Structures are given as C-alpha cells and as structure tokens.
Trainee: 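A single structure is presented below for examination.
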2 protein chains.
Amino acid sequence: MGKRIYNFNPGPAALPLSVLKEIQGEFLDFRGSGMSITEVSHRSTLFDEVINDAKLRVRRLLQFGDDHEVLFIQGGASLQFTMVPMNLLHDDQVADYVNTGAWSTKAIKEAQILNKQVRVSASSEDRDFTYIPKDISFNEAAAYVHITSNNTIRGTQWSSYPDTGSVPLVSDVSSDIMGRPMDLAPFGLIYAGAQKNLGPAGVTLVVIRKDLLERVPETLPVMLKYTTFATKNSMFNTPPCFAIYVVQLVLKWLEESIGGLPKMGEINKEKAALLYDYLDKSDFYWGTAAKEDRSIMNVTFRLTENTLEQTFIDRALENGLAGLKGHRSVGGCRASLYNAVGLEAVKALVSFMADFERRYG
Amino acid sequence: MGKRIYNFNPGPAALPLSVLKEIQGEFLDFRGSGMSITEVSHRSTLFDEVINDAKLRVRRLLQFGDDHEVLFIQGGASLQFTMVPMNLLHDDQVADYVNTGAWSTKAIKEAQILNKQVRVSASSEDRDFTYIPKDISFNEAAAYVHITSNNTIRGTQWSSYPDTGSVPLVSDVSSDIMGRPMDLAPFGLIYAGAQKNLGPAGVTLVVIRKDLLERVPETLPVMLKYTTFATKNSMFNTPPCFAIYVVQLVLKWLEESIGGLPKMGEINKEKAALLYDYLDKSDFYWGTAAKEDRSIMNVTFRLTENTLEQTFIDRALENGLAGLKGHRSVGGCRASLYNAVGLEAVKALVSFMADFERRYG
C-alpha cells in the first residue's frame, strides 16, 4: 500500500481509514456469504440488515422518533432540488427560499422550472454570498421554508436555524449533516448527498416528517415520489447497495469510534478553530467568509498575494495535502474539514501554511 | 478469505473475481493518489480517465460511432421508465410499447402517469409472458417503439429485434446488455441498470442517438433531461463514482480477458445450452419459457413436483449454489447466467441438479 494523503476534497471527500480497511477486508466475502457486498441481492436478509441498521443509526444519531422517516434515494441533492417542490409544494401554494449561494440558487431555479410559486425571502448575493442573512421575515402561509445549512463554495454555515413558526423548514444539509448535533424538530425534510460526511457519492439521505408524506401527489412518476421510498423501505427498485453499505459503516464509526454527534461537533469545532485562528493571525492569508457565519466544514481563504495561490496549491500537494483548490466559480483556496478529516490533518495543513508563509511571505 | 460461492442471483449479481480483486487491491490507494476511489474528486484528471475510458469501451464493445452518446445516470431502469417518455415523447405524439412482462408493464404505466399517449402494439400477457410476440405491426408515425430485450422474471429474450422501419427502437437492456453482440443501428436509445452484466447497483448506462437529444424539452428539471448528461459528460453533479469505476473495470475485463462480445456471446450460449439441454432431457425439471424465446441470461424452471422446490433451493445453497429462487411474483426456480457466471458454475449447477433428481426423483 502506498502512502495515504491528507485529503481536503470538498466531496467526494475523505472517509475514515478504519472504514475503508473494513470494506477492503470483507470485499470478496461479505459477512460469510461467499459474495462481495456488490454481488449480494437487495432482497436478502443480509442486505436488509445493512439498510435497517443504517436507518436505525441515523435515527439514533439525530435523535428523532417515529414521526420522521429515513429514505435513501439516488440522484444527489440536485435531484432533491426538483423532488422537494414536486412533492411538497402544490400549485396553489408558495414556498420561501433563502438564497445563500450557488446551491440555493439552483434549488430555487428547479422549483421555478416546475412553474411553482417561489418567494426569495432573503439573499446574501449582495456581498457575494459571504454571509448568512439575519432577521428574515417569512411568509406564515408558506408550504415550507428552504435553506442550505452549509455553503461549500463560500464557506458559510447557519450557526442556528431561523424560527419559521409552524412552517416546516426544509434544508439541504449535504455538507454538514452529522458534523454537529442537530435538533430535527423544526424540520419537515432534510436531504444530504452522502459524498461529504456520510459515505461515497451515489446515495442521498432524506429524512422526512411523516405528515409531509400526505402532501405527495398521487400522480407523480413512481421514482420521484417520497411515498414510494417510504412504503418500500427505499427498495421499490434496486437501491445503490454499496453506497448504503458504506454509509452504514460510517455511521457505525460515528457512533462507536467517535462517540456520537456531540463529540463529533467538538472535534470539528477544534479543527476549524485551529485553522481560522491561524488565518486571523496571518497577514499572508485571509478568510473570505463573514466571521460570525464561518463554516466549520469548509474553510475558504485567499492569499493576500493572489498570484501565489496556484504555487500554494501545487506545493501543498507535493507535501501530501490534497484538495485545497477553491471552487472553480470563485477561485482561491478551500480546506474541507469533514468528519473523516482528522485533527492531525489540520495540524499538518497549518504547519505547511506557516512554512509556506515563511518562504514566500 | 472465505470460500466464494456460485452466485446465480438475478441482480445485483456475480462480478468477475479478477475485477473484485483489483478493486480490493487498490482500495486504499487508487492509482497512486493516496486516496480510495471513493475519496477521489469527480473533478480530477484521475476520475476523468475512469469515466472517459468506460465510455470509450462501451463505444468499442457495441461498435458505434459519433452518432450516439454514452450517459451514466442514477435511479435504475425504473427512472428511465419515466425519463424516456418525458424526454422523447411529445404530447401530440404516440409511442408503441410491446408488453413482454412485469418490467414492460411498469414502463407502460410510467408513460401513462405522465399522460402520454401509449399504444400497446403487442403483448404476451395471454400466456403469462412466457413468449415474445411475433409479426407485430407498428405505428409508422410512432415517436418510438419500446421493448424489453430480456425478461428476467419469465426468462424470455428477443432473439432478434423487430423491424420498425424508420421509427427508433428504445429498449430496456438491463439484463442482457453486453451479453452478446448487438447492432445498435435500429436503436434510438438503450438503457441498462448496471447490476446484472455491467457492475454494481447504483448506475444506469444510457446510449442515445444524438438526433434524439433534439427532442428533449427545455422545460424539464435539469436532472431529468438527457441533454444535461450529454453536455456535461454525465457530471452536471457528482456522479456515482464508485459504480462507474467498477463498470469501467468490468468493461476492461470484457475486452481484455474475455475478448469482446462475439466471444462473450459464444460463452453465454454454451452456458445456457448446457442447462437447457439438461432441463429438456429431464422429466423432473421443466423450463417455463417458450423454447424459441428462451433467454440465455435467465433460465426459469420448475420442478414437476412443485412442493420440492424449496428443498431444492435450500440444498443448493448448502452446496454452494446461491440465488436460485424464482422471482417472488411467479415462484419456481431461476438461474441467472450473467457474464461473470463462469461455465464451471453452470456445470456445478447441472451436476447438483442431477444429484438432486437422483435423490428425490
């Protein structure tokens, strides 16, 4: 085996090494079946145990009861951008959306493509999405309020969720789910592409409050209805078995090796603080997000001398630190510090940054 | 490592052992990157090489040129049941469907859910879908003619494709793609869930003739438009990277270890003949599909003494032969002989069947 790298990719992203080793170890013979997990029938007891355990762990980690349902769907958050309004927003209703960046913008656009009534109740576009809007007034009659809990491109995150009264919150939580404790009470639905904090690309976790299932129109295509997934244990057709299996192992790692979300949240705060503290002390680097809205998952920064950024990214990679390039739409640098990125990786990054500053500063 | 089993699962199904070993070997360090394939960015050169090589191999194996496009989509064949009419069937047009079983029936139903005009031009429902309709007259003005090339539940397969003149054929080829040579000329679109002949569950291969892309309405949700996948190299959003990677390795195995589709087709014919010949000689077992329409991929059979079937399936599993239970909707037995099921597996099955017949016959 070659040397493992410190992986700061924005997604697909680092996975826990112990999980990867477990997958590798049983890859030719899944739990004594004589088959690979990729060859096991989804209609078998073996796979039932995988998906049911994954669902149970989601329930335990996020601490919700029987009033919510756990679904596994394909297509990523981008498919949820259309499934949410298709399922939950009737033609005579309006939904509120908060626009905090490129992903929110796409969610709004997909609702509009369906000719649904969308009201953008707040936006941080005026300052390039570098902050989270405050003191928003929501429509009390809205079908739901949609937010993006963490914004990977500009590195902002809702530190607490807005009060929407009795209107259910719907959130894209792709990039910070399970990164800290979360109270699911105000949420009607959350969705998360797995490829950041949960597992590999190819499966989307959806948690929906059961009463919202009653809104789903009967007339939708079967694969685009939340009710199909809810009534068939996410196995109306063949699910993405391998991706669900890896999610199960990652959730097990979160519970049994890390010790749950309160502990994970502390570790993530410590990791982010280490890097932000360094950025704030330096004149050579600077963080691009408003301080009070900084993400603990994606730390976006620039070099004061912009022209040095490519050299910085190249030298970092040569030193075993990968994935530090900012999103192609905004440039600059970004370190994604998802759950599986250890404190030692962040220490190595800060140490490299200090060294780079000494050489080029 | 435990003992590997002979795997006759209908899907997810057997994969080539050499491919599984290759995945296992590089699982912690994908091609020297210091990351697992599950951790590699889809926006990297490393992953570009994977997806582009997979596309090139599809093109080479099916021997088509620049007039067709290769797409990788999530959601399985079931999502294609709605995407096909959504993209290719305008409201003022009609499409012909041939109903050869449960999967065709679902495809028809999904088109109807969209309020599209569907004409069932032929059906084999009168004899429980145990044969393929012949001498069908198609609507010359149809937008397309939809067929299911291989029917996993009843074990039938089109031995040659119907002549639809200038009307493009659309086919669900999930369960026999790459199982034999295929002339793509009459096809406007084919789609295949990967989990039978191509790889693990979680990705669907679509090959579309480029002129059909011009039919796609602008107003569809972005993730449900073939044009999105065609213009973005199937990476508008994060694709199911691991599943595509395994497909690439399976296609490489097909080309480099098997020797391409003519050779694969010969092997598959030989495997199927071995089992069908045995069934035909026996009074203890009988094949359920019409002889001239028998599938070389899914061999469906019954025991003359129905009550022995569960014992047969149980004893088979004890003897290292898994996945022989028929589909839950029809009962009986089924051996799926996909590409990765070797001749030695079929020999072991026939030998077990003869032994079981001696004991219980």
Side-chain angles (χ1 to χ4, degrees), chain A residues 1-5 7 9-15 17 20-21 23-24 27-29 32-36 38-43 74-79 81-82 86 110 113-114 193 195 199-203 219-224 236-243 246 320 322-323 328, chain B residues 1-5 7 9-15 17 20-21 23-24 27-29 32-36 38-43 74-79 81-82 86 110 113-114 193 195 199-203 219-224 236-243 246 320 322-323 328:
Chain A
M1 166 192 160
K3 190 174 153 45
R4 293 265 304 166
I5 212 163
N7 182 350
N9 271 333
L15 288 170
L17 184 58
L20 294 174
K21 284 182 174 169
I23 299 165
Q24 186 183 44
F27 197 67
L28 298 186
D29 182 16
S33 65
M35 305 179 215
S36 170
T38 57
E39 302 175 300
V40 165
S41 172
H42 62 296
R43 305 278 177 218
Q74 297 184 60
S78 295
L79 187 62
F81 296 163
T82 190
M86 208 181 266
E110 289 301 308
I113 284 176
L114 296 174
Q195 67 274 11
V203 67
T219 50
L220 295 179
V222 68
M223 291 298 291
L224 301 173
F236 171 79
N237 72 340
T238 315
C241 300
F242 179 80
V246 182
R328 61 198 187 287
Chain B
M1 164 193 163
K3 188 175 154 45
R4 294 265 303 166
I5 212 163
N7 183 349
N9 271 333
L15 288 169
L17 183 58
L20 294 174
K21 285 183 174 168
I23 298 165
Q24 186 182 42
F27 197 67
L28 298 186
D29 183 16
S33 64
M35 304 179 215
S36 170
T38 57
E39 303 176 301
V40 165
S41 171
H42 61 296
R43 305 278 177 219
Q74 295 184 61
S78 295
L79 187 63
F81 296 163
T82 191
M86 208 180 263
E110 289 302 308
I113 284 175
L114 296 173
Q195 68 272 12
V203 67
T219 51
L220 295 180
V222 68
M223 290 298 290
L224 301 174
F236 171 78
N237 73 340
T238 316
C241 300
F242 178 80
V246 182
R328 61 196 186 289

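Residue numbers begin at 1 in each chain, while the letters A, B, ... track the order of the sequences. Heavy atoms only: backbone and side chains are in, while hydrogens, waters and symmetry mates are out. Source: prediction; values computed, not measured.
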Trainee: So which part of B:Pro10 gets closer than 4.5 Å to some heavy atom of chain A, the side chain, the backbone, both or neither?
Mentor: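 It is neither, since no heavy atom gets under 4.5 Å.
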Trainee: List the steps, then state whether side-chain contact (heavy atoms from CB on, under 4.5 Å) holds for B:Leu28 with A:Leu17.
Mentor: CA-CA 8 Å; B:Leu28 298 186; A:Leu17 184 58; 4.3 Å; yes
Trainee: Which atoms of A:Leu20 are under 4.5 Å from chain B, going by heavy atoms: the side chain, the backbone, both sets, or neither?
Mentor: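 For A:Leu20, heavy atoms of backbone and side chain both lie under 4.5 Å from chain B.
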Trainee: Under a 4.5 Å heavy-atom cut-off, does chain A meet the side chain of B:Val40, its backbone, both or neither?
Mentor: backbone
Trainee: Measure B:Leu220 against the heavy atoms of chain A and call it side chain, backbone, both or neither at under 4.5 Å.
Mentor: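 The answer is the backbone of B:Leu220.
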Trainee: Minimum heavy-atom separation for B:Ser41 to A:Pro12, with atom names?
Mentor: CA-CD, 4.3 Å
Trainee: Non-hydrogen atoms of chain B under 4.5 Å away: do they reach the side chain of A:Ala13, the backbone, both or neither?
Mentor: backbone
Trainee: Okay, side chain of A:Asn237, backbone of B:Gly75: is any donor-acceptor separation there less than 3.5 Å?
Mentor: yes
Trainee: Which heavy atom of A:Pro239 sits nearest to which heavy atom of B:Ala201, and what is that distance?
Mentor: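 Heavy-atom minimum between the residues: O-CB, 3.2 Å.
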Trainee: Most heavy-atom pairs under 4.5 angstrom with chain A, which of B:Ser78, B:Ala243, B:Pro240, B:Ala14?
Mentor: B:Ser78
Trainee: Please state whether the rings of A:Phe242 and B:Phe27 are parallel, tilted or perpendicular, taking 30° and 60° as the class boundaries.
Mentor: perpendicular
Trainee: Is there a donor-acceptor contact under 3.5 Å from the side chain of B:Glu110 to the main chain of A:Pro221?
Mentor: no
Trainee: Let's test your reading of the structure: which of B:Val203, B:Val246, B:Ile23 forms the most heavy-atom pairs below 4.5 Å with chain A?
Mentor: B:Ile23
Trainee: With no hydrogens and no angle check, is any side-chain donor or acceptor of B:Asn7 less than 3.5 Å from a backbone partner on A:Glu39?
Mentor: yes
Trainee: Does the side chain of A:Gln74 reach to within under 4.5 Å of the side chain of B:Leu79, using non-hydrogen atoms?
Mentor: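 Answer no - side chains too far apart.
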Trainee: Quick one: of A:Cys241, A:Gly199, A:Ser36, A:Gly193, who has the most non-hydrogen atom pairs under 4.5 Å with chain B?
Mentor: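 The answer is A:Ser36.
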Trainee: May I have the step-by-step check of side-chain contact (heavy atoms from CB on, under 4.5 Å) for A:His42 and B:Gln195, ending in yes or no?
Mentor: CA-CA 11 Å; A:His42 62 296; B:Gln195 68 272 12; over 6 Å; no
Trainee: Heavy-atom pairs under 4.5 Å with chain A are the metric here; pick the option from B:Thr38, B:Thr82, B:Thr219 that has the most.
Mentor: B:Thr38
